[in-house]
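This report refers to the structure that appears directly beneath it.
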Number of protein chains: 2
Amino acid sequence: MIKRTTLADIAKAANVSMMTVSRAINNKPGLSDELRQHILSLVEEMGYRPNTFARGLATSQTTTIGLVVPDNTNPFFAQIARGVEDAAFENLYNIFLVNTNEDAARETAALETLWQKGIDGVILCSSRLSGQALEYQVQRFPAIVLVNRELKQSHANLITINVNDHRSAQRVLQHFMGLDRRIIAYIGGPANSFSNQRRLDGYKNGLRSAEIPFSPQLVISTQPTTEGGREAAAALLRHRPDVNAIFAYNDLVAVGAMQVCQELGKRVPEDIAIIGVDDIPLATIIRPQLTTMHVPLTHIGRLAMRALIDLIAGEGSSAAYQIEPELFIRDSA
Amino acid sequence: MIKRTTLADIAKAANVSMMTVSRAINNKPGLSDELRQHILSLVEEMGYRPNTFARGLATSQTTTIGLVVPDNTNPFFAQIARGVEDAAFENLYNIFLVNTNEDAARETAALETLWQKGIDGVILCSSRLSGQALEYQVQRFPAIVLVNRELKQSHANLITINVNDHRSAQRVLQHFMGLDRRIIAYIGGPANSFSNQRRLDGYKNGLRSAEIPFSPQLVISTQPTTEGGREAAAALLRHRPDVNAIFAYNDLVAVGAMQVCQELGKRVPEDIAIIGVDDIPLATIIRPQLTTMHVPLTHIGRLAMRALIDLIAGEGSSAAYQIEPELFIRDSA
DNA sequence: TTGTGTTGAGTTAGCGCTAACGTAACGGTG
DNA sequence: CACCGTTACGTTAGCGCTAACTCAACACAA
């Protein structure tokens with residue numbers, strides 16, 4: 001392994017003080033252009049790169065942030081992570097990726113190890129933490145962006161980014177109405193999910209606007225996976241074979257439901273129309289292609305990272321972004 | 001934001017020197033059990049957590065590693081990353097995730113920023129770097145694990161992990177033979193991909209064992225995506241509608257190919273049998289479910305992380321792991 | 001000429017932590 | 001009782017870097 005070149009090495013080689021080298025590489029005033037050029041050429045020649053964390057110790061800025069997600073394998077979070085990483089790379093930030101496995105204890109532990117690294121901020125996706133625990137994290141980190149989670153109280157170092165689930169659900173119902181489908185089921189996600197609750201509200205609201213009575217039989221909760229979608233759809237159709245439209249919690253659930261419908265001899269979209277949420281890559285891979293509420297996941301990731309950087313720079317201020325999804329009409333509805 | 005509690009704070013509170021506190025928290029000898037307990041209770045009470053990078057400055061160990069992948073959105077790498085992160089978490093390591101976008105320049109830049117962080121090691125997946133550039137990286141980082149890439153020369157701080165692509169391909173051909181399919185196409189990945197080359201060799205070898213002459217018409221290169229699979233399959237079937245088996249570079253390609261076959265009125269697997277590689281989640285979501293060479297991706301990730309930790313600890317030594325995939329027979333062949 | 005900036009440096013101190021060495025007190029040994 | 005090893009700490013120095021201060025040299029206005 002090569003020995004690291006340090007500031008001191010450069011200073012010695014240039015026969016100046018370390019401070020002068022520091023000023024040169026950080027592009028700060030206080031030395032002649034000539035000397036600066038000379039030092040920079042030495043830096044290049046000797047392959048010097050400043051140690052971020054030594055610098056961080058002195059400045060308490062590490063150009064490093066944490067990204068906490070339930071599962072980086074889930075396309076939803078993978079896309080967001082991609083957006084975050086892209087924006088981070090452009091701004092010369094590095095990201096610590098941590099999975100929580102949807103487990104609050106592991107999430108706490110993860111935030112603990114991140115805190116130990118002295119990072120500049122955190123992007124926390126779909127946090128399972130209690131409001132109180134979250135408040136604590138918000139005040140301990142310099143800056144924090146919450147994706148897919150709200151917090152009652154606002155903080156100067158906090159920004160939240162949420163999808164407008166309520167409007168999403170309404171838009172879906174509206175589309176079903178246009179198709180003249182009035183027996184509409186909602187296959188929801190886990191009951192403790194915030195977005196699930198908001199979508200359910202939107203669903204009920206949409207029914208009300210269309211003067212369709214709400215039937216609990218048509219609402220079923222399940223895991224947000226293909227398998228969950230399969231189980232839920234099977235149970236649903238057993239009790240209500242007359243269903244002619246399904247609004248699914250997300251695309252994975254929608255795909256699972258679609259398969260079960262087909263296996264039971266229902267045609268999609270002729271007999272049962274199906275709409276998902278998220279618009280993950282799978283939505284266009286599956287046949288029939290899935291009609292879904294497109295959520296700009298990569299964009300959310302980028303937005304989160306930029307918001308965090310602003311917060312860190314002290315330029316951003318408390319804000320709650322609302323993302324408006326758009327209905328992408330394909331073949332399943 | 002809360003002010004950090006430091007070693008000095010604890011030392012003052014306990015009325016001992018910083019060194020004694022350091023010894024206590026690092027579980028090193030040199031103080032009475034009684035005092036140690038007292039200090040640890042103070043640590044707990046005051047919520048002290050050592051700063052990893054301050055410690056790193058003093059010890060040159062940061063319990064931090066870099067994970068470099070082409071695209072964390074690709075299920076192949078997402079699964080590997082998950083395995084890496086799991087093992088890292090268990091060993092109290094944190095990982096820097098960076099995407100290279102399959103771009104050598106960006107990969108170099110990414111390694112540069114990682115190097116600046118003074119990390120303990122790197123896991124580099126499907127590197128697009130030249131052999132020479134790779135040699136340079138190997139000697140600059142304390143420890144490095146290469147996944148899906150080989151390096152001629154061996155190094156004390158290097159471990160490589162590769163899938164046995166050659167044997168994979170042979171196993172696939174063997175299965176096709178058992179199904180009495182003898183007009184076997186190979187839809188390969190990018191020509192500059194190492195694994196593609198190895199699979200192609202295995203394919204040719206398999207043909208030779210079965211005394212089937214090699215036909216260039218039956219081999220086609222494409223992007224490793226569903227869309228790539230679609231295009232390739234369409235082109236293939238235009239020239240050779242008599243094909244009755246397709247070996248695809250990976251599952252995404254296989255799915256794309258399968259769809260085109262079906263759209264052209266071919267039944268899968270009756271008319272055309274299709275086998276992919278990797279066994280990503282999509283393989284069991286799609287219908288018919290995909291027969292594929294199962295590659296234990298999460299396991300590879302865990303293995304990579306553990307190997308890297310051993311290397312860092314100076315316990316591991318130069319090694320080249322070969323992973324043997326297994327044929328998972330489902331419905332497409 | 002004297003005072004007052006300004007420019008281009010260097011010096012000092014310290015971020016939070018640990019390796020390596022120093023030392024006082026104590027107990028055992030011949 | 002002198003000698004020595006051990007235990008239980010403290011002290012010093014330094015990891016690589018920068019903030020904040022100092023200082024010499026020079027220009028320029030009054």
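Numbered from 1 within each chain, the chains take letters A, B, ... in sequence-line order. Computation of the quantities below employed the complete heavy-atom set of this structure, encompassing side-chain atoms and omitting hydrogens, waters and symmetry-equivalent molecules.
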Nucleic acid footprint by protein, nucleotides 5-16 of chain D - heavy-atom cut-off 4.0 Å, B for base, S for sugar-phosphate alone: ---SBBB--BBB
Cationic N near anionic O, under 4.0 Å, B/Glu135 to B/Lys152: no
Check B/Asp86 with B/Arg82, please: is the shortest side-chain N to carboxylate O separation under 4.0 Å?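 Yes, charged N to carboxylate O under 4.0 Å.
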Assess whether side-chain hydrogen bond (donor to acceptor under 3.5 Å, both in side chains) is satisfied between A/Arg55 and A/Asn26, documenting all intermediate values. CA-CA 11 Å; A/Arg55 177 180 283 172; A/Asn26 290 311; 3.2 Å; yes
Quick one about B/Arg128 and B/Asn101 (side-chain donor to acceptor, distance below 3.5 Å, no hydrogens or angles considered), yes or no? no
Should the pair A/Phe96 and B/Phe96 be assigned to parallel (<30°), tilted (30 to 60°) or perpendicular (>60°) ring geometry?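 Rings of A/Phe96 and B/Phe96: parallel, under 30°.
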Considering just the side-chain nitrogens and oxygens of A/Lys28, establish if one lies under 4.0 Å of OP1 or OP2 belonging to D/dA19. yes
Can you measure A/Gln116 atom CD to C/dC17 atom C1' for me and round it to whole angstrom units? 13 Å
Partners meeting side chain to side chain donor-acceptor pair (under 3.5 Å) with A/Gln61 (sequence neighbours left out):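 If we apply the side chain to side chain donor-acceptor pair (under 3.5 Å) test to A/Gln61, skipping adjacent residues, there are no hits.
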B/Asn162 side-chain N/O to B/Arg149 backbone N/O, donor-acceptor pair under 3.5 Å: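 A pair under 3.5 Å: yes.
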Derivation and outcome, side-chain hydrogen bond (donor to acceptor under 3.5 Å, both in side chains), residues B/Thr64 and B/Asn94: CA-CA 5 Å; B/Thr64 298; B/Asn94 273 116; 5.7 Å; no
As a check of understanding: the bend across the helix from C/dT1-D/dA30 to C/dG30-D/dC1, end axes from five pairs, rounded to 10 degrees, works out to 60°
